[in-house]
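I have placed the structure first, in the form of structure tokens, so that the comments after it can refer back to it.
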Amino acid sequence: MYSIVMNGLSKKGHTQKTFDLLRVMEQGSTKPNTYIYNIVIDALCKDRMLDATISLFEEMKQIPPNVVTYNTLIDGLCKFGQWEKVSEMVNLNIYPNVHTLTIVTDGLCKEGKIEDAEEVMRYMNGKGVEPNVVTYNVIIDGYCLRGQMDRARRLFDSMINKSIKPTIIIYNILIHGYCKKKKLDEVMNLFHEISRNGLEPDTVTYNTILQGLFEVGRIDFAQKFFAEMLSTGLGPDLCTNRILLRGYFQNGLVEKAMLLFHELERKREDTDIEFYNVVIDGLCKTGQLDRAHAIFEKLSLIGLFPDEITYSIIITGFCLEGLFDEAKDMLRRMVARRTMPLTILLCEDFLSLAKLLKLQPF
């Protein structure tokens, strides 16, 4: 009964009530067990109460912590960058599992310590903890984000050599990394490798490659690739449509972009403010401010409202055309609607623009 209530309180974010109930249990006849302590330690970690978490952990003298206790605490320590304490935990007389390994490597990668993460993986492997595909995902993604594709590929090949079956997620990570480096030959090699490994590309795979093709100006190939995507039975999602629109605009195919825009608008599907932002931005950057402005003004009529990005796009468009009065009016509208968070209203770029337009932001 206690565990159900405490679990519910913890999931609702009532950390203090969860902790108080633990103290009630300690004073009563029903003493808390390891599972109960794990609930409270997890709640404290999620609420960023690390000192309280460590104190509670140290109180567990007659209740032996298990690997879940250690994993939860290690996860909290990683999020706070307490690497010395993480090392102490890993070296205690516990039997870390692959989840422990993934927690530590993920924490290191999020701080950009990819080499350290790989070293931890080797160390844990020496202790008999075999990494799984999720562990490899984390480290390979870290190398890809840093643009170190040779290291990412080396680690991927090492994983394959250990007979760890790759997932579509890890292929998507690598494909995205190679697309950012504009290495489209490597991208397509990986794409064809997917089916050879008994997997199927998903919408993320196609979207990533489509964006990569548009960014290097391979329009014909991008359109054929999109047709191939449709032939597999995968339909475009909101992200796909934004990629297509942005790609057409970036490569000067304004009317093709507008045909797609009007088609999607008629269907009333897969459209949100970010979708309209792409169109307004594309028109502004291709010298069609009037069309962009017309679409901007009709947003409220279709139940959408401009966000800070929409306003920034249209204001920049006016400024580039020398229409400073129009830009000033739009800036006033934006401030009046409090569309932007206060932090953005106070930022240097905003204040500089307000000064340029001789407008008081407050």
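A quick note: this is a predicted structure, and the numbers were derived from the prediction, not measured. For the numbers below, each heavy atom of this structure counts, side chains included, while hydrogens, waters and symmetry mates do not.
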In sequence, state the C-alpha distance, the side-chain angles, and the governing distance for V129 and T100, and then conclude on side chain to side chain contact (heavy atoms under 4.5 Å, CB included). CA-CA 9 Å; V129 181; T100 320; over 6 Å; no

To the nearest 0.5 Å, tell me how far [X] [atom1] sits from [Y] [atom2].
X    : Y    : atom1 : atom2 : answer
E200 : I194 : CD    : CD1   : 10.5 Å
R151 : I139 : CZ    : CD1   : 12.0 Å
K182 : L213 : NZ    : CG    : 11.5 Å
K11  : D42  : NZ    : CG    : 9.5 Å

Less than 4.5 Å apart, any side-chain heavy atom of [X] and any of [Y]?
X    : Y    : result
N38  : T34  : yes
V138 : K110 : no
T102 : P131 : no
F275 : E265 : no
N132 : I164 : no
I175 : E186 : no

With clusters defined by side-chain heavy atoms of hydrophobic residues (ILVMFWY) lying less than 4.5 Å apart, directly or transitively, does [Y] cluster with [X]?
X    : Y    : result
F226 : L259 : no
V104 : M121 : yes
L320 : I309 : no
V204 : Y136 : no
L145 : M149 : no

Tell me, yes or no, whether the heavy-atom count around [X] atom [atom1], taken from other residues, nucleotides or ligands under 6.0 Å, exceeds 12.
X    : atom1 : value
R23  : CZ    : yes
H293 : NE2   : yes
H14  : NE2   : yes
I302 : CD1   : yes
D157 : CG    : yes
K180 : NZ    : yes

Residues L283, F249; criterion side chain to side chain contact (heavy atoms under 4.5 Å, CB included); working and verdict: CA-CA 8 Å; L283 290 169; F249 278 121; 4.0 Å; yes

Is the distance between the ring centroids of [Y] and [X] under 6.0 Å?
X    : Y    : answer
F225 : Y206 : yes
Y276 : F296 : no
F214 : Y248 : yes
Y178 : F191 : no

Electrostatic pair [X]-[Y], nearest N-O below 4.0 angstrom:
X    : Y    : value
D329 : R332 : yes
D220 : K224 : no
E119 : K113 : no
E215 : K183 : no
R153 : E193 : yes

Nearest heavy atoms of [X] and [Y], plus distance in Å:
X    : Y    : result
C144 : I173 : SG-O, 3.8 Å
L155 : E118 : CD1-OE2, 3.5 Å
M330 : I314 : CG-CG2, 3.5 Å
T72  : C45  : O-SG, 3.7 Å
V279 : L245 : CG2-CD1, 3.9 Å

Does N251 reach the main-chain N or O of L253 with its side chain, forming a donor-acceptor pair under 3.5 Å? no

Has D47 got a side-chain atom pairing as donor or acceptor with A43's backbone, closer than 3.5 angstrom?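 Judged by distance alone, no pair lies under 3.5 Å.
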
Under the salt bridge (Lys or Arg N to Asp or Glu O under 4.0 Å) criterion, do D272 and R242 qualify, and how do the steps go? CA-CA 10 Å; D272 61 1; R242 288 198 296 260; 3.7 Å; yes

Evaluate F156 against Y143 for ring pair (Phe, Tyr, Trp, His ring centres under 6.0 Å), listing each step before the verdict. CA-CA 11 Å; F156 176 78; Y143 280 131; over 10 Å; no

Taking it one step at a time, do E130 and V98 satisfy side chain to side chain contact (heavy atoms under 4.5 Å, CB included)? CA-CA 6 Å; E130 289 284 344; V98 69; over 6 Å; no

Is there a side chain to side chain donor-acceptor pair (under 3.5 Å) between K256 and Q223 once you walk through the steps? CA-CA 12 Å; K256 193 169 184 64; Q223 292 181 99; 3.2 Å; yes

Residue pair E297, R333: steps toward the salt bridge (Lys or Arg N to Asp or Glu O under 4.0 Å) verdict: CA-CA 12 Å; E297 293 297 346; R333 283 170 62 179; 2.9 Å; yes

Is it the case that the side chains of T135 and T105 hold a donor-acceptor pair, with the cut-off being a distance below 3.5 Å and no angle test?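 Note: T105 and T135 side chains miss the donor-acceptor criterion.
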
Do D237 and T203 pair up side chain to side chain, a donor and an acceptor below 3.5 Å, judged on atom types alone? no

Stepwise, does the salt bridge (Lys or Arg N to Asp or Glu O under 4.0 Å) test hold for E115 with R146? CA-CA 12 Å; E115 291 84 0; R146 288 205 325 207; 2.5 Å; yes

Taking it one step at a time, do M188 and I209 satisfy side chain to side chain contact (heavy atoms under 4.5 Å, CB included)? CA-CA 8 Å; M188 296 315 297; I209 296 175; 4.0 Å; yes

Pair N161-S158, side chain to side chain donor-acceptor pair (under 3.5 Å): steps then yes or no: CA-CA 5 Å; N161 291 336; S158 169; 6.0 Å; no

Apply the test salt bridge (Lys or Arg N to Asp or Glu O under 4.0 Å) to residues D150 and R154: give CA-CA distance (whole Å), side-chain angles for both, the deciding distance (0.1 Å), then the verdict. CA-CA 6 Å; D150 289 344; R154 171 186 55 76; over 6 Å; no

For T167, run the side chain to side chain contact (heavy atoms under 4.5 Å, CB included) check against N172, V134, N137 and tell me which one passes. N137

